[in-house]
2 protein chains.
Amino acid sequence: MSTHAAIAAHTHRAVPGYLVSALAISPNAGIGSAVQPRNPADPLASLGHSKVYERESTVFGEGDAAGSVFRVMSGMVRLYKMLPDGRRQIIGFLQAGDMMGLAFAAQYLYTAETVTATTIQRIPRLELDALMDAQPAFARKLLSATTSELMAAQDQMVLLGRKTAAEKVATFLLRLSDRKGGKGDEHTIDLPMGRSDIADHLGLTTETVSRTLTKLKSTRLIRILVGGKLELLDRDALADLAGGF
Amino acid sequence: MSTHAAIAAHTHRAVPGYLVSALAISPNAGIGSAVQPRNPADPLASLGHSKVYERESTVFGEGDAAGSVFRVMSGMVRLYKMLPDGRRQIIGFLQAGDMMGLAFAAQYLYTAETVTATTIQRIPRLELDALMDAQPAFARKLLSATTSELMAAQDQMVLLGRKTAAEKVATFLLRLSDRKGGKGDEHTIDLPMGRSDIADHLGLTTETVSRTLTKLKSTRLIRILVGGKLELLDRDALADLAGGF
DNA sequence: CGCTCTTTTGAGTTACCTCAACCACGGTGG
DNA sequence: CCACCGTGGTTGAGGTAACTCAAAAGAGCG
């Protein structure tokens with residue numbers, strides 16, 4: 001059962017965001033700036049307040065009382081769930097604009113940790129509710145973002161359930177690349193997370209991720225650069241390998 | 001990347017529904033009954049109209065133009081996505097109250113087929129939009145349902161990425177059992193879908209599903225009954241095996 | 001530079017898959 | 001009423017992609 005969620009489409013790649021994805025960040029919402037005047041482009045801007053988290057720190061844990069929702073302003077966050085014996089599944093990586101913690105429940109259902117140093121806006125649930133009441137259009141936007149997130153989750157199910165290790169890694173790299181529209185060198189992507197994070201996101205082991213990347217490197221599809229960066233040398237070949245999505 | 005979708009919680013098992021799950025069906029919304037007076041308990045009741053689909057028929061396909069959303073009134077539907085080479089991932093099985101096709105995109109992103117004979121309400125997108133405009137509370141309900149759906153999708157990611165075959169099957173059986181709150185013999189569940197449907201939902205092959213069920217049978221955890229029914233003999237042992245969720 | 005942590009590489013194992021046969025059931029038609 | 005057939009499920013035997021365990025090689029940091 002579960003996970004059917006219907007809700008259809010939007011042609012692939014149309015929406016870059018995932019999660020309660022990419023709710024536009026107003027340009028003037030500077031770091032640490034709290035209460036600001038209403039901004040039609042970013043109704044969330046004036047809510048809650050931002051905070052800088054250092055790398056590898058916990059924002060909230062699975063099971064914690066859920067009083068706020070969060071929006072990533074910059075940096076990267078991983079969300080994961082854990083089985084009793086410690087096996088971990090990373091639900092997703094969040095980047096600027098992504099929201100987390102949205103829900104209608106008493107506790108968070110996954111843990112959120114920063115990968116890099118990250119600025120995060122914390123918005124009390126009550127304030128969000130008030131905003132939804134005041135601006136029905138905003139509630140619609142949230143619904144739309146959540147729906148996109150669900151679509152992404154369904155793509156991930158296909159990946160986890162039916163793709164080979166090579167397909168998984170290729171898909172992952174292409175997604176990362178699509179995510180950050182344009183900024184920086186085209187074809188060069190950031191891989192701030194470690195191999196074990198990638199492994200736990202793709203349902204593999206670190207060794208398999210490493211071996212797969214090595215193979216992609218030796219077949220000239222990618223180049224691994226210093227500082228956690230990576231270059232896509234043959235996007236088309238990678239897309240073929242990825243087999244859809 | 002994708003699938004992070006934040007949005008927290010609601011303690012497990014709290015919500016039975018999934019998908020834009022289980023939007024209450026008003027008791028008086030009989031089969032085929034279209035336009036009805038407003039019903040506060042089921043604002044959708046008066047929209048669109050219902051139709052009976054025979055078993056194993058297609059409701060809509062991945063890529064079809066998406067003009068309507070659908071709600072399952074009775075029966076069972078499977079939603080799936082397919083890779084170019086035919087590998088299939090079943091996103092979920094829908095039962096009474098579940099919605100599908102909700103989205104803000106031009107095409108459906110998965111295929112919907114009936115498993116059994118099924119009654120489905122078709123609601124034009126425009127009518128749904130109008131209802132959301134007219135009743136902000138309904139939009140909130142939709143958001144809540146979609147969020148629950150997302151949580152379920154995240155559980156499914158854990159299953160697909162990190163569970164063994166035995167854990168997958170045990171989890172699946174328990175979910176099915178939890179789903180149908182109470183109706184019929186406690187501990188007896190319906191398995192109207194075939195082994196290959198189960199396999200494609202759990203990221204396994206039909207043979208592995210069959211072998212795993214046989215093992216559960218021989219260890220006295222379940223009993224397989226005629227007519228696609230199955231009895232859970234030792235729920236606790238199954239829950240142990242399932243390892244969470 | 002020494003230390004730690006991560007990544008890579010290697011060797012051997014295994015859970016699950018593939019291929020294939022067999023079986024059980026339900027429908028159909030003679 | 002029963003032989004036939006088609007479909008779906010089970011069982012078996014062998015193969016393999018990915019895992020586990022282990023060690024070496026980098027990379028980052030004080």
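Order of the sequence lines fixes the chain letters, A, B, ..., with proteins taken first and strands second; residue numbering starts at 1 for each chain. The model shown is predicted, which means the values in this text are computed figures rather than measured ones.
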Reading DNA chain C from 5' onward, which residue's closest nucleotide shows up sooner: Glu207(A) or Lys163(B)? Glu207(A)
Just the rounded figure in Å: distance from [atom2] of [N] to [atom1] of [X].
X         : N       : atom1 : atom2 : answer
Leu191(B) : dG8(D)  : CG    : C1'   : 14 Å
Arg195(A) : dC5(C)  : CZ    : P     : 19 Å
Arg55(B)  : dT7(D)  : CZ    : C1'   : 11 Å
Leu225(B) : dC25(C) : CG    : P     : 14 Å
Leu160(A) : dA18(D) : CG    : C1'   : 15 Å

Examine the base of dG10(C) for any acceptor or donor lying under 3.5 Å from a partner atom in the side chain of Arg211(A), and report the outcome as yes or no. yes
Is there a side-chain contact between Met82(B) and Arg162(A) (heavy atoms, below 4.5 Å)? no
Are Thr208(B) and dC16(C) close enough that a side-chain N or O sits under 4.0 Å from OP1 or OP2? no
On a heavy-atom basis, which atom in Met157(B) and which in Ala153(A) lie closest, and how many Å separate them? CE-CB, 3.5 Å
Identify which nucleotide among dT18(C), dC16(C), dT8(C) has an atom closest to any side-chain atom of Thr164(B), counting heavy atoms from C-beta outward. dC16(C)
Name the closest nucleotide to the Thr214(A) side chain, picking from dC19(D), dT9(C), dT10(D). dT9(C)
Between Tyr110(A) and Tyr80(A), ring centroids under 6.0 Å: no
Find which nucleotide of DNA chain D each of Ala166(A) and Gly228(A) is nearest to by heavy atoms, and output the residue with the more 5' nucleotide. Ala166(A)
Note: Lys81(A)-Asp200(A) ion pair, threshold 4.0 Å (strictly below): no
